[in-house]
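Pasting a structure here, questions to come.
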Amino acid sequence: MVRPNEEVEALLQEYADLIAITGGDAFKARAYEKAARAIGGYPADVSHLDVAGLREIPGVGRSIAEKVVEYFRTGRVTVVEETRARIPAGVRQLIAIPTLGPRKAMTVYEDLHISSVGELADAIRAEKLRDLKGFGEKTEANILHGIALMQQAGGRIPLSTAMESAEEIVAELSRIAGCEHCAYAGSLRRMRETVGDIDILVAADRSAPFMDALTELPSTAEVIAHGEKKTSIRTVKGVQVDLRVVRPDSWGAGMQYFTGSKAHNIRTRTIAVRLGLKLSEYGLFETEGGERVASRSEDEVYSRLGLPWIPPTLREDRGEIEAGLRGELPEVVTESDIRGDLHTHTDLTDGLAPLEEMVAAAAERGYAYYAVTDHAPNLYMQRMTDEKILAQREQVRSLDGRHHRMRLLHGTELNIDADGAVDWPDDFLQGFDICVASVHSHFNVGRRAMTRRIVRACENPHINVIGHPTTRLIGKRPGVDADLDEVFAACARTGTALEINAQPDRLDLGDEDILRARSHGAKFAVSTDAHSLLHLAYLRYGIGMAQRGWLTPEDVINTWPLARLRRFLRKDRAD
DNA sequence: GGGGGAGCCCCCTTCAATGATACCATTGA
C-alpha cells in the first residue's frame with residue numbers, strides 16, 4: 001500500500017462524506033468518492049505527481065488534482081478545512097453506523113445537536129429521536145442495533161490495517177544497530193481476522209535504542225508507557241503497539257510466549273510442568289535448579305516439549321497439540337502453493353484497472369492461471385450486458401498465454417436471486433470457464449429460504465464456486481442466516497467449492513466455518529475478489545484464514561495444476 | 001466535480017427494502 005495515496009484517499013472520502021452530510025450536490029460527492037477510490041487503488045505514489053500527472057488518473061480532473069497538489073505542498077486543503085469547521089468530526093462518525101446515512105445524521109445534528117455516537121445512543125434511550133421528522137420507533141431500534149454491531153468489534157482493527165502498520169514498524173526497528181531479530185507476534189502473527197493491538201518483539205542486548213525509536217516514529221501519536229522491558233504507543237490511526245526487547249538467547253521463547261494464543265500457551269506450559277520443566281517468555285527451564293534447556297528458537301522450545309514446530313495460525317488449542325504429539329499436524333497451505341486467483345474484477349464493472357493491467361499484474365505474481373470474473377447483469381448498478389461480457393471474452397482469449405505463458409480463464413460472478421436462480425440461462429453459462437455465484441441481495445428471506453437458494457446454486461451444473469458464502473462484512477453486517485451444514489454438505493456433494501474471500505473486511509468464510517465445511521469434505525478456493533491491482537496481494541489474508549481452518553493444498557482447488565482444476569470446473573457435466 | 005462532445009452544456013449507477021407517511025425519503029448492494 002502506498003501511504004501518500006492512502007492519505008489522499010482518506011481526505012477525499014472525508015470531503016465526499018462532508019458534502020453528503022451538508023446536503024451538497026450528490027454528483028459532486030460521488031465524484032470525490034470515485035476519485036478517492038481511484039487514487040487509493042493507484043499503484044504509483046501520487047505525491048510525486050503534478051497536476052497533469054494526476055489528471056491521468058481516471059476520475060481526477062483539474063479541481064481535484066489541484067487539491068491533491070495543495071495537500072502535498074502545504075499539508076492541508078483549504079476547502080476541506082473550511083467544511084470541517086462547520087461539521088463536528090463526531091457527526092461524520094455517525095454515518096459509519098449501519099442504517100444511519102448522511103441525511104439522518106444531519107437531522108440529528110441540526111435538531112438535537114448530537115455530534116457523537118455516545119450522545120446518539122443516549123438520545124435514543126431517552127426516546128428523543130422518534131419525534132424527529134422521518135424518524136420513528138423502528139428507526140431508533142435499527143440505529144441502536146447498528147451501534148451494537150459496530151461496538152462488537154470492541155475497538156479491534158482489521159487484520160490488514162494491523163499488518164501494514166506492523167510491517168512498517170518492524171522494517172524501521174530492524175535497521176537499528178544491534179538488532180538481531182525483529183518480528184510481530186500476537187494475534188497478528190496468528191492471522192486472526194481482527195487484531196486488538198500489535199505486539200512487536202526485538203532480540204538485542206540493549207533495549208533503549210529500540211524503545212526510544214518506537215516513541216519517535218512519525219506514525220506515533222501518543223506514548224502510553226515507556227520503560228526498559230516494554231514500551232507502548234498509539235499510532236496516528238489509533239492502534240496500540242506494544243514493543244518488547246528480549247536478549248537474543250531468549251528469542252524463541254519470547255516469540256512462542258507472545259504469539260499465544262493464551263489457550264495454546266496454557267497447554268504448552270502444562271506439558272512443560274509434566275516434564276519437570278517451567279516455560280516462560282525467557283525460556284524453558286528445569287524446575288529443580290532452574291537450568292535453561294531451550295530458548296533460542298521456537299523450534300527448540302517445541303522440540304524439547306516433544307512437539308513439532310506448530311504454525312502460528314494453528315495455535316488456538318483447537319487440537320493442534322494433540323495432532324502434534326501424534327505427529328499428525330497438517331501441512332497447511334501456504335501462499336506459494338497458490339497457482340492462480342479465481343475471483344477478480346476489471347473496470348468493465350466495478351474494478352479500477354483494465355483487463356490488460358490486471359492480467360499483467362497477476363502474471364508478475366507468478367501465477368500459472370488467472371480467472372477474470374466480472375459482475376453479471378442482475379447487479380443492475382454494474383450495467384453488464386451479454387454483448388459486453390462476450391466482447392471481454394474475446395479480449396481474454398487474445399491475451400491468453402501472452403504473459404509468462406499464464407493461462408486465462410473467462411468467468412463471471414453471478415448473483416444468486418431469492419429463489420436460487422442466477423443471471424443467465426444454462427446455454428449462456430456454458431460459455432464460461434468458471435462461474436462464481438454470490439448472494440448480493442435479499443438478505444432477509446429467512447433461514448429455510450436462504451439455505452434452499454444457496455443449495456440450489458450449488459446444484460447448478462455451471463456454478464463452480466460460492467462467493468463470500470456468508471456475505472458478512474466484519475463490524476458492519478453479520479453473515480446471512482442459513483443452515484451452513486446443509487450448504488457445506490451440498491458443496492461437497494455437487495463438486496462446488498466454497499470461496500475463502502481474502503478481502504480484509506470480508507474474510508469469508510472465516511476460520512470456524514472453514515473447519516466445519518472441511519469436515520463435510522468440501523473443497524475451497526482462496527481468492528482475492530480483487531477490484532484493483534493492489535488487491536491481488538490480499539491473498540495472504542485468505543491464506544491466513546485457510547491455515548486457521550487447517551486446510552492443506554489438497555483442499556484448495558487453486559493450488560491444483562490447471563488440468564485437474566479444469567476437471568473440477570466441469571463438475572459432472574457431459575458437455 | 002468529471003468527462004465528452006462541442007465551444008458551454010448535459011449527463012453522471014439501478015433497484016429493492018424499509019419505515020414513516022399518506023405518497024415518499026433514505027439506505028445499501
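Chain letters run A, B, ... following the sequence lines, proteins first, then strands; residues in each count from 1.
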Considering only atom P, compute the distance from dC15(B) to dC10(B) and round it to an integer number of Å.
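Between the two P atoms, the distance is 25 Å.
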
Out of dG28(B), dA29(B), dG1(B), which has the shortest distance to the side chain of F443(A)?
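When the side chain of F443(A) is considered, dA29(B) is the closest of dG28(B), dA29(B), dG1(B).
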
With nearest nucleotides of DNA chain B determined for L100(A) and A35(A) from heavy-atom distances, which residue corresponds to the more 5′ nucleotide?
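Nearest nucleotide further toward 5': that of A35(A).
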
Between dA20(B) and dT27(B) - C1' atom distance, rounded Å
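Per the computed distance, 14 Å lies between those C1' atoms.
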
How many Å lie between CE on M150(A) and C1' on dG28(B), as a whole number?
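Taking atom C1' of dG28(B) as the reference, CE of M150(A) is at 16 Å.
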
How far does the P atom of dG1(B) sit from the matching atom of dG5(B), given to the nearest Å?
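Here dG1(B) and dG5(B) have their P atoms 22 Å from each other.
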
What integer distance in Å separates D529(A):CG from dA29(B):C1'?
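The answer, rounded to whole Å, is 13 Å.
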
Show me, pair by pair, the donor-acceptor contacts under 3.5 angstrom made by side chains of residues 115-124 of chain A, not counting sequence neighbours?
{"from": "S116(A)", "atom 1": "OG", "to": "E119(A)", "atom 2": "N", "distance (Å)": "3.1"}
{"from": "E119(A)", "atom 1": "OE1", "to": "S115(A)", "atom 2": "N", "distance (Å)": "2.8"}
{"from": "D122(A)", "atom 1": "OD1", "to": "R125(A)", "atom 2": "NH1", "distance (Å)": "3.2"}

Roughly how many Å is it from CD in E56(A) to P in dG2(B), rounded to a whole number?
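From E56(A) CD to dG2(B) P: 15 Å.
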
Would you tell me if any nitrogen or oxygen in the side chain of T99(A) comes within less than 4.0 Å of OP1 or OP2 on dT26(B)?
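Checking T99(A) against dT26(B): no side-chain N or O falls below 4.0 Å of OP1 or OP2.
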
What distance, rounded to whole Å, do you find between the two P atoms, one in dT13(B) and one in dC24(B)?
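Per the computed distance, 25 Å lies between those P atoms.
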
Rounding to the closest angstrom, what is the interatomic distance between dA17(B) and dA22(B) at atom P?
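Their P atoms lie roughly 23 Å apart.
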
Is it possible for you to check whether R37(A) lies under 6.0 Å from the centre of the six-membered ring of Y32(A), through NZ or CZ, and within 45° of that ring's axis?
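Judged by the rule, R37(A) and Y32(A) form no cation-pi pair.
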
Of the nucleotides dA29(B), dT26(B), dG19(B), which one has an atom closest to the side chain of K104(A)?
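It is dT26(B).
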
Taking the cut-offs as 6.0 angstrom to the six-membered ring centre and 45 degrees off its axis, would you call R477(A) and F443(A) a cation-pi pair?
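R477(A) over F443(A) ring: yes.
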
May I ask you to say what E66(A) touches in the nucleic acid, namely base, sugar-phosphate or nothing, with a heavy-atom cut-off under 4.0 Å?
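No contact.
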
Scoring nucleotides 7-17 of chain B by protein non-hydrogen atoms under 4.0 Å (B base, S sugar-phosphate only, - none) yields -----BBSSSS

Given side chains that start at C-beta, do those of I389(A) and F432(A) come closer than 4.5 Å, heavy atoms only?
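Yes, at least one pair of side-chain atoms sits under 4.5 Å.
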
Please report the distance, rounded to the nearest Å, between OH in Y15(A) and P in dG1(B).
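So the OH-P distance, Y15(A) to dG1(B), works out to 6 Å.
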
Of the candidate nucleotides dG19(B), dA29(B), dT27(B), which contains the atom at the shortest distance from the side chain of L473(A)?
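Ranking dG19(B), dA29(B), dT27(B) by closest atom to the L473(A) side chain puts dA29(B) first.
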
R477(A) vs dA29(B): side-chain N/O to OP1/OP2 distance below 4.0 Å
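R477(A) to dA29(B) OP1/OP2: side-chain N or O found under 4.0 Å.
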
Rounded off to whole Å, could you give me the NZ-to-P distance for the K133(A) and dA20(B) pair?
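After rounding, the reported distance stands at 13 Å.
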
Heavy-atom check, side chain of T22(A) versus side chain of R86(A), under 4.5 Å:
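Yes, close enough: below the 4.5 Å cut-off.
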
Please tell me whether D417(A) and H442(A) have a donor and an acceptor in their side chains that are separated by less than 3.5 angstrom.
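Side chains of D417(A) and H442(A): no pair found under 3.5 Å.
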
Between dA29(B), dG2(B), dG19(B), which nucleotide gets closest to the side-chain atoms of H440(A)?
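Of the candidates, dA29(B) comes closest.
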
Whole angstrom value for the distance that separates P of dG2(B) from CZ of R55(A):
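Distance check: R55(A) CZ to dG2(B) P gives 8 Å.
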
Look at E127(A) together with R130(A) and state whether they make a salt bridge at an N to O cut-off of under 4.0 Å.
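A salt bridge links E127(A) with R130(A).
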
Spacing of the C1' atoms in dA25(B) and dC11(B) (rounded, Å)
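The answer is 23 Å between these two C1' atoms.
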
Taking atom P in both dT21(B) and dT26(B), compute the distance separating them and give it to the nearest angstrom.
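Looking at atom P only, dT21(B) and dT26(B) are 12 Å apart.
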
Please list all pairs passing the side-chain hydrogen bond (donor to acceptor under 3.5 Å, both in side chains) test where one or both residues lie in residues 96-108 of chain A, with sequence neighbours left out.
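As it turns out, there is no side-chain hydrogen bond (donor to acceptor under 3.5 Å, both in side chains) pair with a partner in residues 96-108 of chain A once direct neighbours are skipped.
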
Figure out the CG/P separation between D505(A) and dG28(B), and round it to whole Å.
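Taking CG of D505(A) and P of dG28(B), I get 15 Å after rounding.
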
Expressed in angstrom and rounded to an integer, what is the separation of L54(A) atom CG from dG2(B) atom P?
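Between P of dG2(B) and CG of L54(A): 11 Å.
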
